[in-house]
Amino acid sequence: MSDRLYIFDTTLRDGEQSPGCSMNIEEKLRVAHGLSALGVDVIEAGFPVASPGDFEAVNRIAREVQGSIITGLARAHPKDIEGAAKAIEPAGDRARIHTFIATSPIHMQAKLRMQPDEVVQRAVEAVTLARSLAPEVEFSAEDAGRSDIDFLCRIVEATIKAGARIINIPDTVGYMTPFEFGNRIKTLMERVPNSDQAIFSVHCHNDLGLAVANSLAAVEAGARQVECTMNGLGERAGNAALEEIVMTLKTRADYYGIDTGIDTTKIIPTSKLVSQITGMPVQANKAIVGANAFAHESGIHQDGVLKHKQTYEIMTPESVGLNTNRMVLGKHSGRAALKSRYAALGTELDGDELNAVFARFKILADKKKDIFDEDLMTILSGDSEVNMERIKLVSLHAASGTGDTPVAAVELDIEGEILKATGEGDGPVDAAFKAIKSLVEPKGKLLLYSVNAITAGTDAQGEVTVRLQNEDFIVNGQGSDTDIVVASAKALIAALNKLPNMHAREVHAQYSGV
Ligand code: KIV
Ligand code: ZN
């Protein structure tokens with residue numbers, strides 16, 4: 001059996017299905033370039049028939065991103081498969097169609113309303129059509145974790161015979177346990193007569209917190225592709241976290257003896273890129289990529305690490321890209337240094353794009369002595385937001401102090417019209433939010449407000465995440481600045497910009513916050 005595990009990243013498809021994580025086309029392209037630099041074997045770029053925007057994103061990624069196989073998801077319907085084939089076509093011999101149909105009794109009866117025989121027939125037709133349109137086809141048996149094993153063997157055999165070269169076994173609802181899931185993969189590989197003609201893949205959700213454990217159990221049983229996402233993003237509780245699977249295999253090479261093609265030193269920059277673009281913060285104690293993952297707090301631990309790092313460190317921070325590049329740039333750094341640092345972080349910048357980012361870099365470098373990689377990623381995300389902004393922050397002044405009512409005055413550019421408002425609140429952020437919201441419709445309900453320091457020091461940039469809901473729409477916005485009130489205002493405006501039908505309020509009278 002091969003000792004190489006293929007990493008299939010679905011951050012741009014399943015990850016994007018996390019509430020509030022939708023990305024625009026430029027943002028998806030940046031994530032795709034980052035994933036390719038990270039060394040993922042397959043990028044699931046989206047679900048092309050879901051919307052014209054999804055189609056275009058997959059199509060542009062297939063055209064512009066090199067190195068990785070590019071795949072698009074398709075239900076087992078000719079329309080989906082033809083759409084996916086068209087979208088991924090520019091990737092040439094790196095194009096893959098990923099088609100799926102549900103195979104569990106509950107999904108077949110309640111959702112598809114199809115008999116098992118019809119499901120097999122539809123799957124075979126889908127794979128046959130996909131095979132005629134793309135060089136490589138992957139078939140997924142949705143909800144395979146809860147499917148009857150005999151039926152699963154039957155549909156897997158039939159789809160391999162129809163031309164699927166990758167067979168994906170999803171635990172769609174995160175129901176499996178590691179021993180059970182590993183056995184399921186082993187049984188399939190042993191019982192399906194043509195199993196040697198396909199690579200077995202798994203796709204685990206994290207509803208019980210077992211997605212990574214289940215994926216690794218499947219790898220031990222013989223699976224050689226794992227579907228995962230950066231930071232474990234994904235539907236509900238998310239998907240298996242790429243960084244945890246990859247670093248487990250690397251750190252415990254003695255046990256698994258399996259390699260991936262991932263450049264692990266790019267894990268932290270990619271994690272930050274995804275977090276900043278999606279607006280989904282990474283919890284501090286998250287394995288591998290959390291802010292505390294390599295921090296030693298207790299005296300006993302610090303003493304041990306100072307004497308010998310391996311007393312409490314099973315992998316080095318450098319191996320995941322942390323601390324290798326402390327303070328690389330400052331206000332005297334030039335364009336070439338900036339371009340080269342971004343290239344190392346997986347983003348190639350040239351021409352106008354480089355000029356725009358360089359200008360933003362200089363503004364930040366004037367305010368802040370040390371520019372870290374995290375700051376560079378923030379500069380990039382700010383730049384992408386500019387393209388889609390209908391509302392822009394022109395100016396903000398806030399005042400607060402003990403015994404005073406906090407007040408804020410804002411000036412916004414809303415589609416070319418300059419509008420002003422003031423607000424009072426419980427604190428300067430609250431006052432600024434009230435002033436901003438008085439100028440726009442819809443306002444959205446605030447679901448989440450969180451603040452993080454991007455780097456250390458009192459001159460660090462604060463990064464604020466705001467999540468808003470308007471009817472069924474949930475959006476995230478992020479903002480960063482060395483001034484936390486300004487960062488908060490930017491985050492709110494970024495989120496407001498993503499709400500559909502955002503516009504200036506009809507009455508623009510001077511507003512005094514309520
Ligand atoms: O969770 C799932 O079953 C999926 C499939 C479409 C692969 O995302
Ligand atoms: Zn999924």
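For the numbers below, each heavy atom of this structure counts, side chains included, while hydrogens, waters and symmetry mates do not. Order of listing sets the numbers, starting from 1, for every ligand and every atom in it.
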- Query: Could an N or O of ligand 1 be found under 3.5 Å from any N or O of T172, whether backbone or side chain?
  - Reply: yes
- Query: Charged N to carboxylate O under 4.0 angstrom, K490 versus E463?
  - Reply: no
- Test: E243 and K286 ion pair at under 4.0 Å: yes
- Item | Distance from atom 6 (C) of ligand 1 to nearest protein heavy atom, with residue and atom | R13 NH2, 3.8 Å
- Query: What N/O/S atom of H205 is the closest to the Zn ion (ligand 2)?
  - Reply: NE2
- Query: Can you list the ligand 1 atoms lying under 4.0 Å from a non-hydrogen atom of E142?
  - Reply: 3 (O)
- Message: Counting only nitrogen or oxygen atoms and a 3.5 angstrom limit, does H203 reach ligand 1?
- Response: yes
- Region of T10 engaging ligand 1 - heavy atom pairs below 4.0 Å: neither
- Item | Whether E118 side chain and Q115 backbone form a donor-acceptor pair below 3.5 Å | yes
- Do any nitrogen or oxygen atoms of H205 come within less than 3.5 Å of a nitrogen or oxygen of ligand 1? yes
- Vertex the Zn ion (ligand 2), rays to NE2 in H203 and OD2 in D14 - rounded to 10°: 90°
- Message: E227 versus ligand 1: do any nitrogen or oxygen atoms come within less than 3.5 Å of each other?
- Response: no
- Query: Is it true that R191 and D150 have a side-chain N and a carboxylate O under 4.0 angstrom from each other?
  - Reply: yes
- May I ask whether E235 has any heavy atom positioned less than 4.0 angstrom from an atom of ligand 1? no
- Query: How about F8 and H203: are their ring centres within less than 6.0 Å of each other?
  - Reply: no
- Query: Is the side chain of T251 donor-acceptor paired with the backbone N or O of M247 at a distance under 3.5 Å, no angle test?
  - Reply: yes
- Is the shortest distance from a Lys or Arg side-chain nitrogen in K28 or E26 to a carboxylate oxygen in the other one below 4.0 Å? no
- Query: When only distance counts, is D14 in polar contact with ligand 1, meaning an N/O pair under 3.5 Å?
  - Reply: yes
- Message: For E89, is the CD atom crowded, meaning more than 12 foreign heavy atoms sit under 6.0 Å from it?
- Response: no
